[in-house]
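Input: a single structure, listed below in structure tokens.
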Amino acid sequence: MKLYNTLGGKKEDFVPVTPGQVKMYVCGITVYDHCHIGHARSSIIFDIMRRYLAYRGFDVTFVKNFTDIDDKIINRAKQEGIAWNEVAEKYIAEYYQDMDQLGVGRADIEPKATEHIQEIIDITKGLVDKGYAYAVDGDVYFQIEKFSDYGKLSKRDLDDMIAGARVNVNERKRNPMDFALWKASKEGEPSWDSPWGPGRPGWHIECSAMSRKHLGDTFDIHGGGADLTFPHHENEIAQSEAFTGKPFAKYWVHNGFITVDKEKMSKSLGNFFTIKEILSKFDAEPVRFFLLSTHYRSPIEFSDEQLKEAEVSIDRYYTTALRVRDFLVQDNVKEKAGAEEKAFGEMLDTFRDRFTEAMDDDFNTALAIGNIFELIRMLNKYLDAKPSGAKAKELVVRAQDLLKEIGNALNIFSRTPEQWNSSLMRFKCPNVTEEFILSKIEERQKARGNKDWAAADAIRKELEDKGVVLEDKKEGTAWKVKV
RNA sequence: GGCGGCGUACCCAAGUGGUUAAGGGGACGGUCUGCAAAACCGUUAUUCAGCGGUUCAAAUCCGCUCGCCGCCUCCA
């Protein structure tokens with residue numbers, strides 16, 4: 001497997017610290033507000049990495065934290081007039097609601113910063129003792145000049161950073177780029193006792209403490225959004241490596257942003273869509289599909305149009321799945337080959353390898369999806385020739401199983417065509433009932449029986465205007481939601 | 001100002017030294033159908049922002065130019 005490592009700035013062979021095992025840590029959210037689609041991208045992509053590594057036979061330990069103490073949480077608590085920990089609890093619950101709907105699995109361990117205060121204090125104290133950090137008026141700062149590798153992740157030069165520093169001048173810092181490990185708390189703010197007086201953790205230290213506790217000094221993959229590269233991850237490296245004297249994470253993986261009108265989606269620009277907003281308009285599966293249809297490191301432009309295209313793609317799968325099921329319930333015993341049986345068989349033979357090849361190359365989900373649709377096309381083509389017999393059945397079952405297996409690794413295609421259709425109904429034609437549709441179909445059947453094509457077409461048109469399309473088949477008329 | 005990335009068809013998007021330059025959407029034409037829908041077939045990039053260079057060979061490597069974006073402050 002190859003994995004793009006921000007640390008090396010290139011794709012590298014993935015060799016875990018312990019053969020067969022993968023320990024990965026991903027920076028989770030600060031729980032002070034609803035998640036937006038950018039959080040969804042990060043969550044989904046790392047969920048997919050975790051699933052795929054497991055699919056490839058690795059024993060994966062996946063840790064994703066919650067930052068549940070932070071300035072933003074304290075501010076939000078003031079705004080809402082509730083306690084800071086109530087804010088944290090509220091948005092953790094909201095997060096789970098969003099992620100459950102999106103089909104993002106829980107991490108194996110989901111630690112919270114406030115549950116690791118002792119570990120945070122231990123590391124901070126250790127860094128002071130080793131001379132990497134200094135305490136001033138109840139604050140403790142990490143002195144970046146003491147850590148000679150500072151900047152190795154984000155490829156920054158200390159002098160350049162200082163020259164272009166936009167950080168607020170803080171008289172207590174020896175260097176403007178020094179960052180807080182521990183902050184003295186102001187009156188009325190949440191605080192914990194420490195050797196430096198009552199205070200709370202700085203932003204970066206929690207991840208060093210939690211990853212170390214749950215995964216050890218050195219682990220395999222550390223992930224997060226590209227905007228965390230600097231300063232968050234750079235600082236984590238400094239703290240952790242200065243403290244343990246050992247390499248921290250071996251591979252640093254960063255996902256690209258979601259853009260709106262080419263601009264990064266962000267809170268400050270106000271150009272974001274919450275997950276809840278999107279899921280009120282779209283089923284979660286097209287959302288996942290959309291996010292996987294571009295390589296995880298590339299920017300991805302968000303729009304309803306893109307989501308609609310994803311919807312069409314998912315629909316194409318379920319339409320084929322339904323077709324496969326119809327085919328398999330027929331009991332045609334006569335042996336008859338389908339179209340291009342040999343090529344189809346070869347596709348089936350090589351499909352799994354093509355999938356792993358794509359995913360092994362830095363999780364190329366976009367290529368994997370391309371392969372999936374090639375298979376879908378060949379499958380449809382094969383079925384078009386109306387094959388029958390044991391051989392045909394075997395090939396079609398294999399195709400179905402492969403699509404399900406690969407879909408499972410990507411967490412798509414997991415429902416029945418009926419479940420998909422009824423979900424679409426909720427979004428596209430919530431006021432139409434199945435009874436109504438069926439009665440209209442029956443009415444139309446009568447008209448068709450009388451060869452009253454005008455009446456039949458009028459009914460079809462009426463349903464189409466309501467978002468329902470009819471398909472006349474030999475066995476009768478089927479209907480589906482128009483995507 | 002420092003650092004990094006991107007620019008592939010009408011749209012989205014893989015491909016990063018030799019392949020017919022994947023796949024999806026859209027459009028148009030065809031097969032099928034009472035008509036449709038779905039599905040399939042065909043057409044939509046002799047060419048990869050532009051210009052030079054390296055090479056037997058470049059969308060892929062190097063240089064320059066143009067355009068867009070990100071990080072350097074909280075940010076997935």
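Chain A is the first sequence line, chain B the second, and so forth, proteins listed ahead of strands; every chain is numbered from 1.
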If you measure from the ring centre of A:Trp453 to the centre of the six-membered ring in the base of B:G34, is it under 5.5 Å, with the planes under 30° apart?
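Whether judged by distance or by angle, A:Trp453 passes, so it stacks on the base of B:G34.
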By a strict heavy-atom criterion of less than 4.0 Å, which residues belonging to residues 466-480 of chain A are in contact with RNA chain B?
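Hits under 4.0 Å, by residue number: A:Leu470, A:Glu471, A:Asp472.
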Counting any heavy atom closer than 4.0 Å, what does [X] reach on the DNA or RNA strands: base, sugar-phosphate only, or nothing?
| X | answer |
| --- | --- |
| A:Gly256 | base |
| A:Ile258 | base |
| A:Thr229 | nothing |
| A:Lys451 | nothing |
| A:Arg444 | base |
| A:Lys264 | base |
| A:Gly225 | sugar-phosphate |
| A:His232 | nothing |
| A:Asp457 | base |

Would you tell me if any nitrogen or oxygen in the side chain of [X] comes within less than 4.0 Å of OP1 or OP2 on [N]?
| X | N | answer |
| --- | --- | --- |
| A:Arg323 | B:A39 | no |
| A:Arg316 | B:A39 | yes |
| A:Arg377 | B:G23 | yes |
| A:Asn364 | B:G15 | yes |
| A:Lys482 | B:A37 | no |
| A:Asn380 | B:C40 | yes |

Distance alone, cut at 3.5 Å: any donor-acceptor contact between the side chains of A:Glu301 and A:Thr259?
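A:Glu301 vs A:Thr259: donor-acceptor pair found between side chains.
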Checking A:Asn175 against A:Glu145 for the side chain to side chain donor-acceptor pair (under 3.5 Å) test, could you report, in this order, the C-alpha distance in whole Å, the side-chain angles of both residues, the deciding distance, and whether it holds?
CA-CA 8 Å; A:Asn175 181 312; A:Glu145 284 156 292; 3.2 Å; yes
Which of these, A:Asp70, A:Asp71, A:Asp139, sits in a salt bridge (charged side-chain N to carboxylate O under 4.0 Å, His left out) with A:Lys183?
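With A:Lys183 as partner, A:Asp70, A:Asp71, A:Asp139 yield a single salt bridge (charged side-chain N to carboxylate O under 4.0 Å, His left out), made by A:Asp71.
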Going by salt bridge (charged side-chain N to carboxylate O under 4.0 Å, His left out), A:Lys482 matches just one of A:Glu464, A:Glu471, A:Glu311. Which one?
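Answer after filtering A:Glu464, A:Glu471, A:Glu311: A:Glu464.
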Nearest-Å distance once atom [atom1] is located in both [N] and [M]:
| N | M | atom1 | result |
| --- | --- | --- | --- |
| B:A45 | B:C66 | P | 31 Å |
| B:G24 | B:A9 | C1' | 13 Å |
| B:G25 | B:C64 | P | 41 Å |
| B:U19 | B:U60 | C1' | 13 Å |
| B:G4 | B:C41 | P | 46 Å |
| B:G17 | B:C62 | P | 11 Å |
| B:C12 | B:A39 | C1' | 23 Å |
| B:C10 | B:C6 | P | 23 Å |

Rounded to whole Å, please give me the gap between [atom1] in [X] and [atom2] in [N].
| X | N | atom1 | atom2 | answer |
| --- | --- | --- | --- | --- |
| A:Tyr91 | B:A76 | OH | P | 14 Å |
| A:Leu228 | B:G70 | CG | P | 16 Å |
| A:Met177 | B:G2 | CE | P | 17 Å |
| A:His295 | B:G5 | NE2 | C1' | 13 Å |
| A:Arg156 | B:G2 | CZ | P | 14 Å |
| A:Glu305 | B:A27 | CD | P | 12 Å |
| A:Leu322 | B:A39 | CG | P | 12 Å |
| A:Asp157 | B:G2 | CG | P | 12 Å |

Salt-bridge test for [X] and [Y]: reply yes if a basic N is under 4.0 Å from a carboxylate O, no otherwise.
| X | Y | answer |
| --- | --- | --- |
| A:Glu94 | A:Lys90 | no |
| A:Asp47 | A:Arg288 | no |
| A:Asp349 | A:Arg398 | yes |
| A:Lys440 | A:Glu443 | yes |

In this structure, which stretches of RNA chain B are paired as stems of three or more consecutive Watson-Crick or G-U pairs, both distances less than 3.5 Å?
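Ordered by first number, the stems with RNA chain B (at least 3 consecutive pairs each) read B:1-7 with B:66-72, B:10-12 with B:23-25, B:26-31 with B:39-44, B:49-53 with B:61-65.
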Output all residues satisfying ring pair (Phe, Tyr, Trp, His ring centres under 6.0 Å) with A:Phe46, sequence neighbours left out; order by chain, then residue number.
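So A:Phe46 forms no ring pair (Phe, Tyr, Trp, His ring centres under 6.0 Å) with any residue.
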So which nucleotide from B:A76, B:G23, B:C71 ends up closest to the side chain of A:Phe373?
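Selected nucleotide (nearest to the side chain): B:G23.
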Heavy atoms from C-beta onward define the side chain here; which of B:A14, B:G34, B:A38 lies closest to that of A:Thr319?
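Out of B:A14, B:G34, B:A38, the nucleotide with an atom closest to A:Thr319's side chain is B:A38.
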Does A:Arg316 make a cation-pi contact with A:Phe373 (under 6.0 Å, within 45 degrees of the axis)?
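That pair does not qualify as a cation-pi contact.
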Write down the atom of A:Cys429, the atom of A:Lys466, and the distance for their closest heavy-atom approach.
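Closest heavy-atom pair between A:Cys429 and A:Lys466: CB-O, 3.2 Å.
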Does any N or O donor sit under 3.5 Å from an N or O acceptor when you compare the side chain of A:Glu309 with the base of B:G24?
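Such a pair is found, so the answer is yes.
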Tell me whether the side-chain N or O atoms of A:Arg460 pair up with the base of B:A36 as donor and acceptor below 3.5 Å, since no angle test is needed here.
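By the distance-only test, yes, there is a pair.
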Return whichever of A:Val312 or A:Thr294 has its heavy-atom-nearest nucleotide of RNA chain B closer to the 5' end.
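Looking at the nearest nucleotide for each, A:Thr294 comes out on the 5' side.
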Quick one: on RNA chain B, does A:Ile29 or A:Phe289 contact a more 5' nucleotide (nearest heavy atom)?
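The 5'-side residue here is A:Phe289.
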Verdict with reasoning, A:Asp108 to A:His214, per side chain to side chain donor-acceptor pair (under 3.5 Å)
CA-CA 10 Å; A:Asp108 298 305; A:His214 299 289; over 6 Å; no
How far apart are the C-alpha atoms of A:Tyr91 and A:Asp68, what are their side-chain angles, what is the distance that settles it, and do they pass the side chain to side chain donor-acceptor pair (under 3.5 Å) test?
CA-CA 9 Å; A:Tyr91 289 107; A:Asp68 62 345; over 6 Å; no
